[in-house]
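Throughout, residue positions are numbered sequentially from 1 according to the sequence presented. Note that the structure is predicted; figures quoted are calculated from it, not measured.
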Amino acid sequence: MLSRTLNRTDYRGWVRVLGIALFAVATAISARLSVLTPLSPVPLTMQVMVVLASGLLLGPRDGFIAQLVYLQAVLLGAPATASGLIGPAAFAGPTAGYLIAFPLAALVAGWFGQRASARLAWRALGALLGVAVIYALGTAWLAVYLGGMAQAVRAGVLPFVVADALKAVIAVGIVSTRR
């Protein structure tokens with residue numbers, strides 16, 4: 001009986017590690033599938049959807065860790081950003097604030113996704129607040145980069161609001177079909 005319990009515990013640990021690794025890789029892949037927009041130095045990617053899904057599916061802690069693993073890979077030189085920047089340079093460009101926001105967005109989405117039996121409304125709220133976290137940190141950094149908050153909102157928020165809302169809906173839909 002004890003060996004059966006240990007094996008089950010080991011299995012759960014490996015599943016956790018695998019989920020974290022898969023979401024870190026999915027975030028990297030979703031970054032490379034990008035579309036440059038003429039109005040912004042920020043490309044359109046599917047990263048927001050993957051970041052939100054990581055928090056909603058893995059939970060706040062593991063979603064946070066998955067995004068930290070992704071950022072660590074970028075810092076160590078993995079070509080895993082939409083801009084193609086690697087290492088410390090990725091954290092000095094116009095999208096650095098968005099990248100840094102990913103772990104917190106996954107944490108927020110995951111935390112709300114686990115509330116009140118993870119009802120749809122809580123998951124949707126978590127996803128929308130996760131997007132707000134990404135916008136807050138991303139826009140703040142972009143404002144420094146572009147020289148003003150108004151320019152940052154025009155370049156880093158307005159062109160993406162509809163697409164990011166749709167990505168949040170998709171992330172919530174993916175999670176809702178699993179539960």
Query raised in the report: So if you build clusters from Ile, Leu, Val, Met, Phe, Trp, Tyr with side-chain heavy-atom gaps below 4.5 Å, do I174 and L58 land together?
Result: yes
Report summary line: Between the CG atom in L137 and the CZ atom in F102, the distance rounded to the nearest 0.5 Å is 11.0 Å
Report summary line: Residues A80 and A31: closest non-hydrogen pair is O-CB, 3.2 Å
Query raised in the report: Are any side-chain N or O atoms of T95 and backbone N or O atoms of Y98, one a donor and one an acceptor, separated by less than 3.5 Å?
Result: no
Report task. List the atom of L85, the atom of G93, and the distance in Å for their closest heavy-atom pair. Result -> CD1-CA, 4.5 Å
Query raised in the report: How far apart are the C-alpha atoms of F112 and L128, what are their side-chain angles, what is the distance that settles it, and do they pass the side chain to side chain contact (heavy atoms under 4.5 Å, CB included) test?
Result: CA-CA 10 Å; F112 278 91; L128 292 176; over 6 Å; no
Which pairs would a plain distance check flag for residues 44-57, meaning a side-chain donor or acceptor within less than 3.5 Å of a matching protein atom at least two apart in sequence or in another chain?
| residue | atom | partner | partner atom | Å |
| --- | --- | --- | --- | --- |
| T45 | OG1 | Q47 | N | 3.1 |
| T45 | OG1 | Q47 | OE1 | 3.4 |
| Q47 | NE2 | Y70 | OH | 2.9 |
| S54 | OG | V51 | O | 2.6 |
| S54 | OG | Q67 | NE2 | 3.2 |

Report summary line: The remaining residues in the hydrophobic cluster of L18, counting side-chain heavy-atom contacts under 4.5 Å among Ile, Leu, Val, Met, Phe, Trp and Tyr, are L22
Query raised in the report: Within a strict 4.5 Å, meaning less than it, do heavy atoms of the V42 and T37 side chains meet?
Result: no
Query raised in the report: Is L36 reachable from V162 through a run of hydrophobic residues whose side-chain heavy atoms are each under 4.5 Å from the next?
Result: no
Query - Straight-line distance of I170 CD1 to L166 CG, nearest 0.5 Å - result: 4.0 Å
Report task. Identify the two heavy atoms, one from W111 and one from P60, that lie closest to each other, and give their separation to 0.1 Å. Result -> N-CB, 3.6 Å
Report task. For residues Y135 and D164, report the shortest heavy-atom separation together with the two atoms involved. Result -> OH-OD2, 2.6 Å
Requested in this report: Give the intermediate values and the outcome of side chain to side chain contact (heavy atoms under 4.5 Å, CB included) for residues V157 and F160.
Outcome: CA-CA 5 Å; V157 176; F160 303 98; over 6 Å; no
Query raised in the report: For the residue pair P43 and S34, what are the closest heavy atoms and their distance?
Result: CB-CB, 4.1 Å
Requested in this report: Treat each ILVMFWY residue as a node, draw an edge where side-chain heavy atoms are under 4.5 Å apart, and state whether F64 and V25 are in one component.
Outcome: no
Query raised in the report: Going from OG on S40 to CD on Q151, what distance comes out if it is rounded to the nearest 0.5 angstrom?
Result: 12.5 Å
Query raised in the report: Would L104 end up clustered with I100 when hydrophobic side chains under 4.5 Å apart are linked, directly or stepwise?
Result: no
Query raised in the report: When clusters are formed by joining ILVMFWY residues with side-chain heavy atoms under 4.5 Å apart, either directly or through shared neighbours, do L129 and V133 land in the same one?
Result: yes
Requested in this report: Might you point out which heavy atoms bring I20 and V69 nearest each other, and give the distance in Å?
Outcome: CG2-CG2, 4.1 Å
Query raised in the report: Are D62 and R16 side-chain neighbours, meaning at least one heavy-atom pair lies under 4.5 Å?
Result: yes
Report task. Please say whether more than 12 non-hydrogen atoms of neighbouring residues, nucleotides or ligands are located less than 6.0 Å from CZ in F91. Result -> yes
Query raised in the report: Should M149 and T139 be marked as a side chain to side chain contact (heavy atoms under 4.5 Å, CB included) after you check the CA-CA gap, both sets of side-chain angles, and the distance that decides it?
Result: CA-CA 7 Å; M149 187 57 80; T139 307; 3.5 Å; yes
